[in-house]
Amino acid sequence: MLLAGDLGGTKTQLGLFRPAGGRPELLDVREYATLDHPSLSSMIGTFLAATGVRPQEVSVACVGVAGPNIKQVARLTNVPWAIDGRELMATTGIPRVWILNDVEAMAYGVPALRPDELRVLQTGEFNADGNACLMAAGTGLGQAILVRQHGRLVPSPSEGGHADLGARTPREIALLQFLTARYGRASYEHVLSGKGFINLLRFVSDDTSPLLNVGDQDELPALITARGLDGSDPHCVEAVHLFAAIYGAAAGNLGLQCVATGGVYLGGGIPSKILTAFETPHFLEAFRSKAPMTGLLERMPVAIVLNRQTGLLGAAVYAASLA
């Protein structure tokens with residue numbers, strides 16, 4: 001049996017899987033509020049007790065963690081935990097534990113996705129020998145490159161979401177100046193994330209939108225996107241259009257950096273929730289408009305990942321490779 005985890009700053013999913021070819025079979029999955037537990041080992045203990053599984057019955061555990069992973073020790077950005085693979089083996093009794101970056105784990109799940117778990121934005125010309133890439137926007141912005149080696153895609157972790165924001169148009173240059181004045185430095189994550197929608201609304205409304213005064217700021221990104229997509233608030237409409245265009249430009253950059261003729265995938269919590277924003281011209285025009293490489297970008301397949309458990313699935317895929 002395999003144990004897989006997708007550990008985030010707000011919530012954590014833990015699942016039990018059975019190895020089954022290229023896509024492990026999900027047996028049970030539970031979701032926990034991350035900070036309701038003092039540690040990941042405590043959470044795993046609670047999960048195993050709830051499922052009636054003894055640690056010795058788990059051959060391998062693999063957990064994707066929202067933060068950089070150095071020598072099997074990862075620190076989360078928004079949770080005061082250090083996740084240590086060796087410590088987890090000692091405290092849980094599971095004989096083998098492996099830690100991945102969360103977007104790296106999601107990338108391992110991409111090749112296992114079924115066609116009905118993808119929304120195709122650009123069919124392109126799929127190259128079975130080509131590399132692929134993943135850009136995942138949610139609480140933050142994650143990236144991974146999937147390099148084709150000996151016929152299979154091997155993900156490489158990245159913290160590219162924190163790379164310097166690039167501007168292409170006068171409006172985006174003004175946004176860059178606005179963010180730089182506010183934060184001292186502007187990164188892609190300042191735009192392509194949940195909080196990015198708040199930054200965009202502040203920018204397009206000159207900080208005057210009444211929405212900025214709502215009580216629960218955690219609900220504000222969803223409110224901005226809802227009003228942007230239904231056209232009821234002009235400032236929200238522009239914020240959503242800017243988000244889609246900058247996402248397209250950034251995804252095109254990543255596609256060029258690894259020549260992603262095997263596919264460009266958009267994951268994380270945001271794209272699957274605002275599908276229609278990506279189906280407007282703003283995303284694909286920005287994705288393709290990179291002369292002299294426009295033709296190459298037009299041939300890259302582009303799809304949104306609809307399966308919101310892809311990170312958990314990818315952790316199970318990696319665990320199966322170690323079993």
(request) Verify whether one side chain among Asp206 and Thr208 offers a donor that lies under 3.5 Å from an acceptor in the other. (result)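 Distance-only check fails for Asp206 and Thr208.
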(message) When you compare the side chains of Tyr188 and Asp164, does any donor N or O come within less than 3.5 Å of an acceptor on the partner?
(response) no
(request) Kindly compute the distance separating CG (Leu113) from CG (Leu313), expressed to the nearest 0.5 Å. (result) 6.5 Å
(request) To the nearest 0.5 angstrom, please state how far the CG atom of Asn253 sits from the CD atom of Gln143. (result)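 If we round to the nearest 0.5 Å, Asn253:CG and Gln143:CD are 9.0 Å apart.
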(request) Using the rule that two of Ile, Leu, Val, Met, Phe, Trp, Tyr join whenever any of their side-chain heavy atoms come within less than 4.5 Å, decide whether Val302 and Ile304 are in one cluster. (result)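 Yes, because Val302 and Ile304 connect within a single hydrophobic cluster, where side-chain heavy atoms sit under 4.5 Å apart.
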(request) Pick out which of Thr12, Val65, Leu7, Leu35 makes a side-chain contact (heavy atoms from CB on, under 4.5 Å) with Val79. (result) Leu35
(message) Under a 3.5 Å distance rule, please check whether Glu285 uses its side chain to pair with a backbone N or O of His282 as donor and acceptor.
(response) no
(request) Give a yes or no answer on whether the side chain of Gln72 reaches the backbone of Leu100 with a donor-acceptor pair at less than 3.5 Å. (result) no
(request) Answer yes or no: is there an ion pair linking Glu238 with Arg171, defined by an N-O contact shorter than 4.0 Å? (result) yes
(request) Determine the interplanar angle of the Tyr32 and His37 rings, folded into 0 to 90°, and report it as parallel if under 30°, tilted if 30 to 60°, perpendicular if over 60°. (result)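 Tyr32 and His37: perpendicular rings.
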(request) Give me the ring orientation class for Tyr247 and Phe243: parallel if the planes are under 30° apart, tilted from 30 to 60°, perpendicular past 60°. (result) perpendicular
(request) Kindly indicate whether the side chain of Leu121, heavy atoms from C-beta on, has any atom under 4.5 Å from the side chain of Glu279. (result) yes
(message) Can you give me the closest heavy-atom contact between Arg18 and Leu27, atom names plus distance?
(response)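 Taking every non-hydrogen atom into account, NH1-CD2, 3.5 Å.
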(message) Suppose we screen for side-chain contact (heavy atoms from CB on, under 4.5 Å). Which residues come up paired with Leu26, at least two apart in sequence or across chains?
(response) Phe17, Val29, Gln309
